[in-house]
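All values below were derived from every heavy atom in this structure, side-chain atoms included, with hydrogens, water molecules and symmetry-related copies excluded.
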Amino acid sequence: MSSRTFIGRLGRLGQIGKLGKLGKLGKLGKLGKLGKLGALATIPTAVLLAGCPDDAPQFEEPFETIGPVAFGGRVAFVDQRRAEVHLITPELGSGPIDHDIVEIGRDPQVVATDLDAGRLLVLTHGSAGAPGVTEEEEAIWAIEPNGEATRYEVRSPFTAIGVHPDGDRLFLYFDQTVLSRSELVYNPHEVATVDLSEPPSGSNPALKTVRSFELVPTRAIFSPPLQIAGETIDFVAVLASDFVTLVDLDHPDRREVSIPLTLDPALEAVQPLEVVFSQPNPAIDPVVYVSAQGSTDVFAFTLREIEEVSEGGHFFSVAPNLYAVGAMPTDLQPATLATGEALLVATGTATLWVIDTTTSEATPISLEAPVRDIVPVRASDGTISQAILFAAGGNVVHFVQLEGLEDSVLREVDAVALAAPVGGVSPLPDGTTAAVFHADANRSVSILRLADHSVSALTATAPLDRTVFSADGARAFVASSFDARLSVIDVATRHPEDLRLDEVPTGLVLVPGPEILVVTHEAEAGLVTFVDATQPSRSTARMLEGFLLEGLLDRNGEIR
């Protein structure tokens with residue numbers, strides 16, 4: 001490995017003495033380089049902090065970080081104890097590392113990015129105040145790659161962030177699975193919408209309580225833009241036991257629409273699992289498909305245009321329908337067939353249901369093994385030509401060609417038996433291959449060729465904890481937390497090459513743009529390896545150590 005660099009502007013250098021050439025010390029916002037220390041060289045943290053006050057809380061508190069998170073050509077680590085975000089620009093070679101520290105609110109809990117990974121989002125819970133600690137409200141922080149941060153005060157301790165596909169709108173809510181809160185009173189039915197394209201104001205974020213009959217949400221799912229009565233509307237579907245509630249993001253003044261999944265919630269428990277919106281043609285009414293635990297039907301709710309505005313301010317009514325498939329639906333996938341629009345339904349059995357959404361006719365297709373998941377394969381133009389079907393834990397993968405699916409003679413359904421059970425399937429960006437992540441002891445990986453349905457199984461000698469693909473899908477990077485190596489797989493040839501690391505990896509993240517793979521390692525003050533993702537080589541890799549110490553003495557003995 002070409003270099004291992006220890007970095008960290010430790011604040012007031014006079015307090016700890018001159019440590020040697022720290023690079024451009026005049027630029028206090030940048031990192032200096034302490035010279036080429038060699039592949040195994042390091043400077044103990046205790047030596048660097050010698051002479052510092054023993055009771056300084058910034059040194060007593062251990063580092064607890066969320067990350068790495070890649071966005072905007074940088075990689076972020078959120079220090080939960082010190083309420084700050086470290087932004088690092090991965091660099092190969094021996095030049096200085098660009099490093100910014102962004103101060104955020106106390107108690108960071110949830111970290112996300114927009115769908116284009118161009119902006120970092122951090123939800124902080126603040127604090128109610130304590131002796132010597134100022135009260136701080138909950139907030140969402142939108143952080144740009146250059147370190148600029150905008151704070152939106154949300155005033156409720158939400159536990160989940162939903163990011164709209166446009167990247168500018170957020171939906172904050174309480175996830176039913178994360179309800180352990182320290183507040184005396186909070187409203188778990190409250191939600192907030194945030195428009196990141198607008199500055200913070202009294203109406204941004206906007207808070208409201210979802211009328212789902214006092215049931216706590218379990219998920220929030222965004223719709224694509226839907227055309228209703230000449231309007232383009234973006235909905236978010238809030239899932240809760242026995243109900244799906246539609247919130248109009250474009251018209252916050254309009255009342256949310258709660259759709260019951262049972263006539264008597266007191267007697268039935270129907271938990272929605274999946275919501276799929278479908279409107280292949282703007283001239284037809286959109287349909288909301290719902291699968292739910294506790295029901296053997298697929299719910300179909302058509303949002304029909306009405307002439308008069310409804311009581312809630314909407315220009316549609318909800319027309320319900322049911323598609324019986326004989327077992328609990330586990331996955332739904334809209335499809336366009338030669339006969340019109342259809343819905344593919346998996347039920348965990350060896351049957352794929354094809355529902356003609358115009359006539360409501362359901363056609364069963366027998367398969368060789370049970371399937372629970374439907375993974376669409378998109379061509380370069382965005383159309384779906386085939387689907388991959390599987391059941392987690394099973395050894396069979398099915399390939400279904402959509403062309404001719406409605407014809408029992410022309411129908412093309414193929415099955416491939418694999419040596420190890422399937423944990424998940426992910427089509428690669430080139431549209432010609434897919435990766436199969438296995439659920440065996442070593443969590444191995446196979447590559448499927450979609451043209452001829454051939455499979456190449458790759459044998460692992462240690463449990464594979466992380467797998468990351470390059471942006472073009474040409475290379476797979478695989479790591480194990482039990483082995484100080486990185487395996488680089490050429491997807492086209494299936495040829496693997498090992499790249500030796502100096503430390504055992506704990507995580508992988510690909511930073512697009514420069515196409516640098518960031519490998520994290522276990523280290524108190526932060527330790528990462530940068531690998532050229534286009535031409536992986538140990539000779540050009542670079543290790544960076546101690547970046548969480550950057551600016552530590554600037555705290556003046558305070559932990560915010």
Side-chain angles (χ1 to χ4, degrees), residues 164-166 220-239 243-251 254-261 272 274-292 295 297-325 329 331-346 352-363 365 374 376-379 381-387 400-407:
H164 191 273
D166 64 17
I221 301 173
F222 290 99
S223 77
L226 302 177
Q227 302 294 322
I228 303 177
E231 293 182 321
T232 300
I233 301 177
D234 295 272
F235 289 102
V236 59
V238 183
L239 282 59
F243 290 91
V244 171
T245 300
L246 301 181
V247 179
D248 188 335
L249 294 176
D250 297 301
H251 307 88
R254 295 178 183 175
R255 184 184 302 171
E256 64 274 15
V257 178
S258 288
I259 304 173
L261 302 180
E274 184 178 10
V275 172
V276 176
F277 295 85
S278 179
Q279 190 181 30
N281 186 339
I284 63 177
D285 295 326
V287 181
V288 184
Y289 298 110
V290 181
S291 66
S295 173
D297 298 320
V298 176
F299 299 88
F301 302 104
T302 303
L303 308 184
R304 289 183 176 168
E305 179 181 341
I306 58 176
E307 295 183 1
E308 300 291 334
V309 64
S310 69
E311 181 182 351
H314 299 282
F315 292 90
F316 66 87
S317 63
V318 179
N321 195 6
L322 293 175
Y323 301 136
V325 290
D331 205 359
L332 311 175
Q333 176 60 52
T336 300
L337 307 181
T339 53
E341 299 307 315
L343 183 69
L344 309 184
V345 183
L352 173 68
W353 290 89
V354 181
I355 299 174
D356 185 323
T357 58
T358 302
T359 64
S360 298
E361 180 180 357
T363 301
I365 298 177
I374 304 173
V377 178
R378 297 187 182 275
D381 60 359
T383 59
I384 300 173
S385 58
Q386 65 176 311
V400 175
Q401 299 293 331
L402 298 189
E403 184 178 0
L405 187 60
E406 70 285 345
D407 192 315

Minimum heavy-atom separation for [X] and [Y], please, with both atom names.
X      : Y      : answer
Ile221 : Leu239 : CD1-CD1, 4.2 Å
Val318 : Leu303 : CG2-CD2, 4.0 Å
Glu274 : Leu332 : OE1-N, 3.2 Å
Leu405 : Gln401 : CB-O, 3.8 Å
Pro260 : Phe301 : O-CZ, 4.2 Å
Ala362 : Ala324 : CB-O, 4.3 Å

### Task
Please lay out, stage by stage, how Ile384 and Leu402 fare under the test side-chain contact (heavy atoms from CB on, under 4.5 Å).
CA-CA 8 Å; Ile384 300 173; Leu402 298 189; 3.7 Å; yes

### Task
Assess whether side-chain contact (heavy atoms from CB on, under 4.5 Å) is satisfied between Glu361 and Ile355, documenting all intermediate values.
CA-CA 6 Å; Glu361 180 180 357; Ile355 299 174; over 6 Å; no

#### Entry: Test side chain to side chain contact (heavy atoms under 4.5 Å, CB included) applied to Phe277 and Pro334, Pro224, Pro225, the passing residue
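In the set Pro334, Pro224, Pro225, the residue that makes a side chain to side chain contact (heavy atoms under 4.5 Å, CB included) with Phe277 is Pro224.
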
Can you find a heavy atom in the side chain of [X] that is under 4.5 Å from one in the side chain of [Y]?
X      : Y      : value
Phe222 : Asp234 : no
Ser291 : Val298 : no
Phe315 : Glu231 : yes
Leu352 : Leu344 : yes
Glu403 : Gln386 : no

#### Entry: Sequence neighbours excluded - salt bridge (charged side-chain N to carboxylate O under 4.0 Å, His left out) pairs with any residue from residues 306-319
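Matches after skipping sequence neighbours: Arg255-Glu311.
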
### Message
Which residues pass the ring pair (Phe, Tyr, Trp, His ring centres under 6.0 Å) test with Tyr323, not counting sequence neighbours?
### Response
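In terms of ring pair (Phe, Tyr, Trp, His ring centres under 6.0 Å), with neighbours along the sequence ignored, Tyr323 is linked to no residue.
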
### Task
Please list, chain by chain and in numerical order, all residues satisfying ring pair (Phe, Tyr, Trp, His ring centres under 6.0 Å) with Phe235, sequence neighbours excluded.
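Phe316.
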
Would you say the side-chain atoms of [X] pair up with the backbone N or O of [Y], donor to acceptor, closer than 3.5 Å?
X      : Y      : answer
Asp297 : Phe299 : no
Asn321 : Ala300 : no
Trp353 : Val325 : yes

### Message
According to side-chain hydrogen bond (donor to acceptor under 3.5 Å, both in side chains), who are the partners of Thr302, at least two apart in sequence or on a separate chain?
### Response
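Scan of Thr302 (side-chain hydrogen bond (donor to acceptor under 3.5 Å, both in side chains), adjacent residues dropped) gives none.
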
Residues 278-288, side-chain donor-acceptor partners within the protein, below 3.5 Å, at least two apart:
residue: Gln279; atom: OE1; partner: Gln227; partner atom: N; Å: 2.9
residue: Gln279; atom: NE2; partner: Gln227; partner atom: O; Å: 2.9
residue: Gln279; atom: NE2; partner: Ile284; partner atom: O; Å: 2.8
residue: Asn281; atom: OD1; partner: Ala283; partner atom: N; Å: 2.9

### Message
Test of understanding: with side chain to side chain contact (heavy atoms under 4.5 Å, CB included), list the residues that count as partners of Ala342, not counting sequence neighbours.
### Response
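So Ala342 forms a side chain to side chain contact (heavy atoms under 4.5 Å, CB included) with Leu337, Val354.
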
### Query
Under the side-chain contact (heavy atoms from CB on, under 4.5 Å) criterion, do Ile259 and Thr245 qualify, and how do the steps go?
CA-CA 6 Å; Ile259 304 173; Thr245 300; over 6 Å; no

### Task
Check the pair Asp248, His314 against side-chain contact (heavy atoms from CB on, under 4.5 Å), reporting the backbone distance first and the verdict last.
CA-CA 9 Å; Asp248 188 335; His314 299 282; 4.2 Å; yes

### Exceeds 12 heavy-atom contacts within 6.0 angstrom, atom CZ of Arg254
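Counting neighbours around CZ of Arg254, more than 12 heavy atoms of other residues, nucleotides or ligands fall under 6.0 Å, so yes.
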
#### Entry: Side chains of Glu341 and Thr336, donor plus acceptor under 3.5 Å
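Per modelled atom types, Glu341 and Thr336 side chains form a pair under 3.5 Å.
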
